[in-house]
Amino acid sequence: MSDKPYFAIITLTFASEGDLRIWRDKIEVFSSDKAVAYLKEHGQRSLTIIETRENDTIKGIAIWEYENKESREICQAYWSKWYDFDGRFIAKATVVRGERTFGW
C-alpha cells in the first residue's frame with residue numbers, strides 16, 4: 001500500500017450558471033454529515049470546490065484528496081452512486097487522478 005496522498009481532480013466547463021448551480025447543489029447533497037464521516041473514516045481527507053468565471057467561461061473544479069490510492073478506491077463505492085441520482089446539467093469534463101509527487 002502506498003503512503004503517498006492521492007488526488008482525483010475534475011474540471012467542468014458549464015453551459016450556464018444554472019448548470020453550475022445544479023452540480024454544486026448535488027455535491028452538497030452528497031456531502032451530508034453522515035457521508036463525510038463515512039468518507040473520512042475510509043481515508044478521504046477533503047473535498048474542495050473551486051469556481052471560476054473568466055472570459056465568459058464558467059468552470060467548477062472539484063479536488064478530492066485521499067490518504068492514498070487504496071482509500072480512493074474504497075471511497076469510490078460511495079462516489080459512484082453519483083450517477084444513480086438525477087442531476088441534469090450540461091458540462092464538459094476533464095479528469096485527472098494521481099499521487100502527489102511534489103508539494104510545498
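The residues of the chain are indexed from 1 along the displayed sequence. What you see below is based on every heavy atom in this structure, not just the backbone, and it leaves out hydrogens, waters and symmetry mates.
Contact check for L47 versus I49: side-chain heavy atoms found under the 4.5 Å cut-off. Contact check for K59 versus T11: side-chain heavy atoms found under the 4.5 Å cut-off. F89 has its side chain out of reach of L20: every pair of non-hydrogen atoms, C-beta onward, lies at least 4.5 Å apart. Looking at heavy atoms from C-beta onward, Y6 lies out of side-chain contact with E67 at the 4.5 angstrom threshold. In this structure, the side chains of I61 and L12 stay at 4.5 Å or more apart for every pair of heavy atoms. A 4.5 Å side-chain heavy-atom check between V95 and R97 finds at least one atom pair inside the cut-off.
Under a 3.5 Å cut-off, the side chain of S32 and the backbone N or O of V29 do not form any donor-acceptor pair. Proximity of a side-chain donor or acceptor of N55 to a complementary backbone N or O of T57 within less than 3.5 Å is not detected.
Between Y78 and Y38, the two ring planes are tilted [angle within 30° to 60°].
Between W82 and K26 the shortest heavy-atom distance is O-NZ, 2.9 Å. Pairing each heavy atom of R45 with each of K40, the nearest pair is O-CE, 4.3 Å. Of all heavy-atom pairs spanning E65 and P5, the tightest one is OE2-CB, 4.1 Å. Nearest heavy atoms, I10 versus A93: CD1-CB, 4.0 Å. S71 and N68 get closest at one heavy-atom pair: N-OD1, 2.8 Å.
If you chain together hydrophobic residues whose side chains sit under 4.5 Å apart, L39 and I27 fall into the same group. Follow the hydrophobic side-chain contacts under 4.5 Å out from F14 and you reach F30 in the same cluster.
With values rounded to the nearest 0.5 angstrom, W23 atom CH2 is found 14.0 Å from R21 atom CZ. Atom SG of residue C75 and atom CD of residue E70 lie 12.0 Å apart, to the nearest 0.5 angstrom. To the nearest 0.5 Å, the span separating CZ on R72 from CZ on F7 amounts to 13.5 Å.
Within 6.0 Å of atom CD1 in I90, 12 or fewer heavy atoms from other residues, nucleotides or ligands are found, so the atom counts as exposed in its surroundings.
Ionic pairing of R53 and E17 is present here: one or more N-O contacts between side-chain nitrogen and carboxylate oxygen are shorter than 4.0 angstrom. Using a cut-off of 4.0 Å between Lys/Arg side-chain N and Asp/Glu carboxylate O, E51 and R24 are scored as salt-bridged.
Residue pairs meeting the ring pair (Phe, Tyr, Trp, His ring centres under 6.0 Å) criterion with at least one member in residues 43-66, sequence neighbours excluded, are W64-W79.
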